[in-house]
Structures are given as structure tokens and as C-alpha cells.
There are 2 protein chains.
Amino acid sequence: MDSRGARREPTMRDVAALAKVSTKTVSRVINDLPGAGPEVVERVRAAARSLGYRPNLTASSLRRSDRRSATIGVLFEDLSNPFDAALLRAVEDRARQNGVLVLAGSSEDDPDLQRELLTSLATRRVDGMVVMAVGGHQDALQQERERGTPMVLVDRPPTFDGTDSVTTTNRDSSREAVVQLAALGHRRIAFLGDRQTLWTSRERYTGYLEGLAHTGLTLHHELVHTDLHGPDAAETATATLLDLDQPPTAMFTAQNLVTVGAMRALRDRGLHHRVALIGFDDFPLADMLEPGVTVLRQDVPALGRKAAELIFNRIGGDQSPPTHAVVPATLVQRGSGEIPPPVTDTGP
Amino acid sequence: MDSRGARREPTMRDVAALAKVSTKTVSRVINDLPGAGPEVVERVRAAARSLGYRPNLTASSLRRSDRRSATIGVLFEDLSNPFDAALLRAVEDRARQNGVLVLAGSSEDDPDLQRELLTSLATRRVDGMVVMAVGGHQDALQQERERGTPMVLVDRPPTFDGTDSVTTTNRDSSREAVVQLAALGHRRIAFLGDRQTLWTSRERYTGYLEGLAHTGLTLHHELVHTDLHGPDAAETATATLLDLDQPPTAMFTAQNLVTVGAMRALRDRGLHHRVALIGFDDFPLADMLEPGVTVLRQDVPALGRKAAELIFNRIGGDQSPPTHAVVPATLVQRGSGEIPPPVTDTGP
DNA sequence: TTCTCCTACGTCAACGTTGACGCAACCGGC
DNA sequence: GCCGGTTGCGTCAACGTTGACGTAGGAGAA
């Protein structure tokens, strides 16, 4: 198999000895710094190659004056969630351009876990962090920020001052969806949303309310279901809605999995071609369902790119006042959101 | 905003000075080592707290004898791909239990990029790596392995000796799918697969061939389309198949996106209830389509857990011969795979 | 010629931490 | 009272690298 488990990695000293120069000269050659003649450079390069020398970045960053680890931390809610994964990928791409690697973790929306991961990152002296803040109190984040760690919040803004953020047009786009449904003639538009501890959920609900107000519709409390965690909860909530004496003729589902659950319930009753539905956040195969699901699509790569751009600016020393970037979501019409209300409902 | 950009992180020396002890004693307290009296421990803890001291793991791992960075590298093809993302998440969960963080990167199935990321990880002295090998030559991986870096390959086995791997029952499960289709009476079963440079694609094709052989069916070359990269290629390939004089009555699609493309083409022609389809790899909403898509589901969390278990064993010093773990995939019947051939085809 | 400046190296210490070891004070046993 | 062992600290050097600085030798100007 293997000559032996772990042999010692060669160091600059080994290279220096072989090339018959000082370690400082090796350092100069490795880092392409001036002060080494062409002949020496070649000798050192050859020695490094033959030993398989690779610099030790941890030792280097310990000694260097800028103290950079060429590593950033990414702390999202759940890396296996497609939204988070796409975001991570976008940040990673941008990081790679800077020769920076990404330490990634899932906070599970748990403040304690987030705090733990935060100190884990700090202990490794990452150059900066891109964080999806957990629902509750953000004091761990704030403390970290106050220590001077460059930080950018994505998807949800900070509850404290002085920190950059990148979010989507949660409120405006939600309003837009409700307005579209109302324009078709819908009067009873239901709202199904995720946990209200999440900022995005609250924003989308507010957008829903604005949409109703904007079109002169009245809010019917029995048409509002919040704090639905996962598709199953959404499915039962939808069933409850459809059992009402006056069921909704249209639904706005404010999150991915909620949309899926609602679709399932509609389909079970054969109502998926009769009740209009607009969902927040696109998902794969949304166009393959019958009918195609109309959604508000977030520009996830743009979110990630923007977050990465901000964090690297800060790491680069940018001291300007905090930016709160907002990336627009787009309404993608596929059929489910264009279903008109039944004629009986528009009667005299 | 901020008192000033980046103030210096407090060090052990600062804590030692405040607590009026030596740095060594601080080290003992921080690491819960014996040799410090209760009173001193309290003094040091108080000092550390009041300064907001946090140990510097890079300095620590430089000096420690075991030289551990408490970090592993994960190198997958594309972190935004749900399969990779779920795998990453499973590895991450296991890593967290060991207090280990994950450096993640996407190799894009590009050997040069993989080599680059590999050295990036090595430079940071990760304790081990979990890698999805790129299609072509694996010499960069092999070199890394020969240096003694603990390594586990996932999804695709090594082309060299002495390295652990975790894969799925690609071949056996593919055969099983074909056998099920043949048992329903299908005679013309098409194969649609991803790039043949990928080991998984080749295995699944072999399984297809085995399935044909096992049931006494003949291979019709015009029913085989390989090297389909993405849903669009799969869609046109499917269209070509359906235009044949004797089109297939069943299809085996050997990858996620290929399945989606094939579904799209079938649906465009209104044949989705007539042509049987079994896909490799599950995907969200597969059950919501009409008909539900029958798939071979990989146990992704199990793959990830196993990979993590292996890598941590190796890091822990396990010297036993290499393991090649194989996690079974399951056939999930949802409708599309249970469509019988048209009666005209089974005639005399 | 002598003075200055530049190039191409080398020496030394330090980054923050811990392993090896030293040493004083105290304990118990005889 | 002396001896051996333990407890509770401290001192020193080293991990692999680089910043600050030193210096020998040659080129060029005066």
C-alpha cells in the first residue's frame, strides 16, 4: 500500500539545505519576490520540485503582517437545501478568483449552533464571513462583528447596525403576486407561509397585506396560515382552507416547500386547475407539473455574487458605510398563477 | 460604526499578563490540562473572558505534535448540484461531531481545477480529504494519496490502489430496472446516459447490458444514446428515439437531468402515459409529476456518513487495508416504470 | 581614486502556541 | 530529620515562515 502512514512534509529548511541557500532565499523564490539571482532561483525551484515541497499556509499566515488565511467562512441554514447550495456555489466561484477557499457550515437555524460554528471559524482566523442569520437573537453575530470581523449577511438583514447585507425583494415581489391575482378577479386570496421567526417570512406576509390593501381587498383571517414548517404542514393547512364554506379561489404560498405541499393538497382534490397559485421561490421541475407553477424567482447566483463581492471589498479594507443590497425577484408565469376565479364568484 | 477596522486579537500573552501567570499556565487552563490550581484556573478564565480571548488554532496546530488542523477538505463536482449538496451535508454533520470543519470546493469535473484545489487544500494542511474524482486521469489524486494524505473517494472508485471508496450499486440496480421493464413485457428498452467519461455512467450502461442479457433481449444500437450532458441533450435524444420506425416502449435514463429531459420530450408528444420510464437517482417532486416517476434512489445520506466515517478512521490512524463500501440503491415505484407495453407490441 | 548606491544574498527574531524539562514547596513514611 | 514523590507553577526552545536589517561585492559617478 503505502511506504508508511504519514511521512513528514518537507519544509523550507529542507529545500534550503538541498539548494545550499538560506531559508529566506527559498521564501523569496517561493513568493516570487525580488532579491534572488536567476541561477539561484532555478536551483531552489529544482530542489523544491524534487522534494515535493509545498508551502505551509498556516505557518505563513501566522508570520505574515497582513495575517490573512486566504479562507472565508460561510454559515448558512442548511447546505443541502438547494437555495443554500446555489448560494454557496456562487460565493465559492468568486472566492476562487481570489485564491480563497471556503469553510462551510450549516447552522440549522439554531442560535447555539450558530454561535458554536462562529467561534469555530474565528478560531481558524478566517478573513471574513458570509452568514445567513438565524431566526432569534443575533447577539453572537453582533459580538463577532464588533470584534472587527468582516461580515456580510445574506437573505436576511442584520438586526444591528454597521453590517452589509444582501437580500431579495421579498415584500415588493409578494405584493406584486397578490396584485396579479387580484387583477384576475380573485377576491379570496389565501396566504400560506413559513415560520414567522424568519425575517423573509414576515416580509412576504407584509407584502401580501400590502397587496390586499393596494387592491382594496379585505383580509380574511381564516385564509391566513403561517408557521408552516415543511410540505406536510402546508398540505394539511391547504386541506383546511379548501374545507371552508367559502374556500379561497387563489393562494399565495410564501416558500418553496410550502408551495409543494399546497400543490399536493390541490392535486389530491383535483383542484389544481381551478385554484390559482403563485409561489415564492422557484424550484426544479416547476414547469413540468400540470399546470406549470407560477413563481417569484429569486436570482440566487446574483445574491451570491453580490455577497462575495461585498465581503472581499471589506477584506480588502473598504471602510465605506454599510451597503444593503437588494436583488429583484422575477415573476415567472407558467399557468397556475393565471387561473381566473370561477364565474359563480364574480356574479352580481 | 466600529471603533476601528481591525484591532489586534488578544493572545495568550495578554491573558497571562492580566492573570499574572506564565503563558504556559494559560495554555494549561485553556486546554483543560492538569497542573494548575483551582484559584489560578479561575483567575485565568476571568482574564480570558474579560479580554475576549480566543485561541489561535493555526498557531496551535503548527506547534502541536499531532499537527492536526481539525479541518477536512471536500472536493465534489458541483456543490450546487443537489446530490453533491446532500453529500456535503452528511459529511459535515459527521465532521461536526468531531469538532472538525469542512473546506469545500467544486472541481467542475476539470482535472486542472481539481489539481489546483487539491494543492490549495494541502497548503492548508487539512487532516484528510473526501473527493469525487474527476473523469479523466486521477494522477493528481494518486500523488496526493502517495504523500500519505488520508483520502476517501465517493461516488466513483479510485483507478489506483490503496484508497478507500464509497459508491452505489450502479450496475446491479441498473440491471434490476431493466429486468423489471422486461418482466412487464417490454422488448425495446432504450438507454439514455450521461458522459461516458464518468465511471458511474459506464457502470450503469453495463448494468443495462447485463439486464438485457439476463432477460434474453437483444441490444439495439439505435436505442442507445450516451454522452448526454444536461436535460436539453436528453430531450433531443428522446425525440430522435420516438421518431424511429420502431420506437422504444420503455426507457432507462441513467441520470437525474437525463430523466428530466426525457420526461419533457415524452410529455411534449403526449406519450408520458404510454412509454415506460425508470430513472437513476431520485429528484424532488418526482412523485408530483403525471405519472409519478419510478426511480432508483441512492441513499445519499448513507453515502456521506460512510465516507465521513472512513475518513475519520483513517485520520485516527486506522492502517487496515482499503475499504470499498457499496451502498444499495432502492427501486421506488411511482407509476412511470410500471407502464406495460402496448398490446400491439405483444401480439403474435 | 573614493564615495555612493544597488543587487544578491544571509542573520536574527518574531508570529502564537505547546512539548520538554526544571524547580521549589509540600506531603507522607520511616 | 531525611528521603522520595507529587503538585503547581515557570523557563526555554521550537513548529514553518517572513519582516527588519545587515553586509559583501560590483557598478557608476565624482
Side-chain angles (χ1 to χ4, degrees), chain A residues 6-45 47-48 51-71 119 122-127, chain B residues 6-45 47-48 51-71 119 122-127:
Chain A
R7 54 175 155 287
R8 203 178 59 88
E9 283 273 333
T11 73
M12 275 198 174
R13 203 174 350 257
D14 301 322
V15 177
L18 184 58
K20 302 204 189 301
V21 294
S22 72
T23 58
K24 179 71 228 203
T25 297
V26 176
S27 170
R28 281 192 266 254
V29 173
I30 297 297
N31 295 293
D32 286 314
L33 294 174
E39 195 193 329
V40 169
V41 167
E42 215 21 75
R43 230 171 50 228
V44 170
R45 291 235 171 91
L51 290 176
Y53 169 77
R54 285 181 305 192
N56 183 329
L57 190 72
T58 74
S60 169
S61 81
L62 181 60
R63 178 66 243 245
R64 285 189 118 94
S65 42
D66 62 3
R67 219 40 82 76
R68 294 279 166 75
S69 61
T71 305
T119 66
T123 265
R124 286 167 179 79
R125 299 295 190 264
V126 293
D127 300 333
Chain B
R7 52 176 157 287
R8 203 178 59 88
E9 283 274 334
T11 74
M12 275 199 175
R13 203 172 354 252
D14 302 323
V15 178
L18 185 57
K20 303 206 188 301
V21 293
S22 72
T23 59
K24 179 70 227 202
T25 296
V26 177
S27 171
R28 280 191 266 255
V29 173
I30 297 297
N31 295 293
D32 286 315
L33 295 174
E39 195 194 331
V40 170
V41 168
E42 215 19 76
R43 228 166 57 224
V44 170
R45 291 234 171 90
L51 291 175
Y53 169 76
R54 284 180 306 194
N56 183 330
L57 190 72
T58 74
S60 168
S61 81
L62 181 60
R63 179 66 242 248
R64 284 190 118 94
S65 41
D66 62 4
R67 218 40 80 77
R68 293 281 166 74
S69 60
T71 306
T119 64
T123 265
R124 285 168 180 79
R125 299 295 190 267
V126 293
D127 300 333

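Only this structure's heavy atoms are used, side chains among them; waters, hydrogens and symmetry mates stay out. In what follows, chains carry the letters A, B, and so on, assigned in the order in which the sequence lines appear, proteins first and then strands, with residues in each chain numbered from 1.
The nearest pair of heavy atoms linking B:S69 to B:V126 is OG-CA, 3.6 Å. The two residues A:Y53 and A:I30 have their closest heavy-atom pair at CE2-CD1, 3.8 Å. Across all non-hydrogen atoms, the minimal contact from A:R67 to A:D127 is O-OD1, 4.4 Å. Scanning all heavy atoms of the two residues, the minimum distance from B:V21 to B:V40 falls at CG1-CG1, 3.9 Å. Counting all heavy atoms, side chain and backbone alike, B:P10 lies closest to B:G52 at CG-O, 3.8 Å.
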Report task. Just do the side-chain contact (heavy atoms from CB on, under 4.5 Å) check on B:R64 and B:N31 with the steps written out, would you? Result -> CA-CA 12 Å; B:R64 284 190 118 94; B:N31 295 293; 4.0 Å; yes
Query raised in the report: Hey, mind stepping through B:R125 and B:D66 against salt bridge (Lys or Arg N to Asp or Glu O under 4.0 Å) and telling me if it holds?
Result: CA-CA 12 Å; B:R125 299 295 190 267; B:D66 62 4; over 6 Å; no
Requested in this report: Tell me, with the steps shown, if B:T71 and B:R124 meet side-chain hydrogen bond (donor to acceptor under 3.5 Å, both in side chains).
Outcome: CA-CA 9 Å; B:T71 306; B:R124 285 168 180 79; over 6 Å; no
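Interatomic distance, A:L51 CG to A:E9 CD, rounded to the nearest 0.5 Å: 11.0 Å. In this structure, CG in A:N56 is found 7.5 Å from OG in B:S61, a value given to the nearest 0.5 Å.
Listed by residue number, the members of residues 26-40 of chain B with any heavy atom below 4.0 angstrom from DNA chain C are B:S27, B:N31. Listed in residue order, the members of residues 14-25 of chain B having a heavy atom less than 4.0 Å from DNA chain D are B:V21, B:S22, B:K24, B:T25. At a non-hydrogen distance threshold of 4.0 Å, B:L62, B:R63 from residues 54-64 of chain B come into contact with DNA chain D.
Taking every nucleotide of DNA chain C with any atom under 4.0 Å from a non-hydrogen atom of chain A, the first and last of them, 5' to 3', are C:dA8 to C:dG16.
The main-chain N or O of B:T123 is never found under 3.5 Å from a side-chain atom of A:R54 such that the two would form a donor-acceptor pair.
Within the structure, salt bridge (Lys or Arg N to Asp or Glu O under 4.0 Å) contacts touching residues 13-28 of chain A (residues at least two apart or in different chains) are A:R8-A:D14.
Taken over five-pair windows at either terminus, the axes of the helix from C:dT1-D:dA30 to C:dC30-D:dG1 are inclined to one another by 50° (rounded to 10 degrees).
Residues A:M12 and B:V41 each lie close to DNA chain D; by heavy-atom proximity, the contact nearer the 5' end of the strand is made by B:V41.
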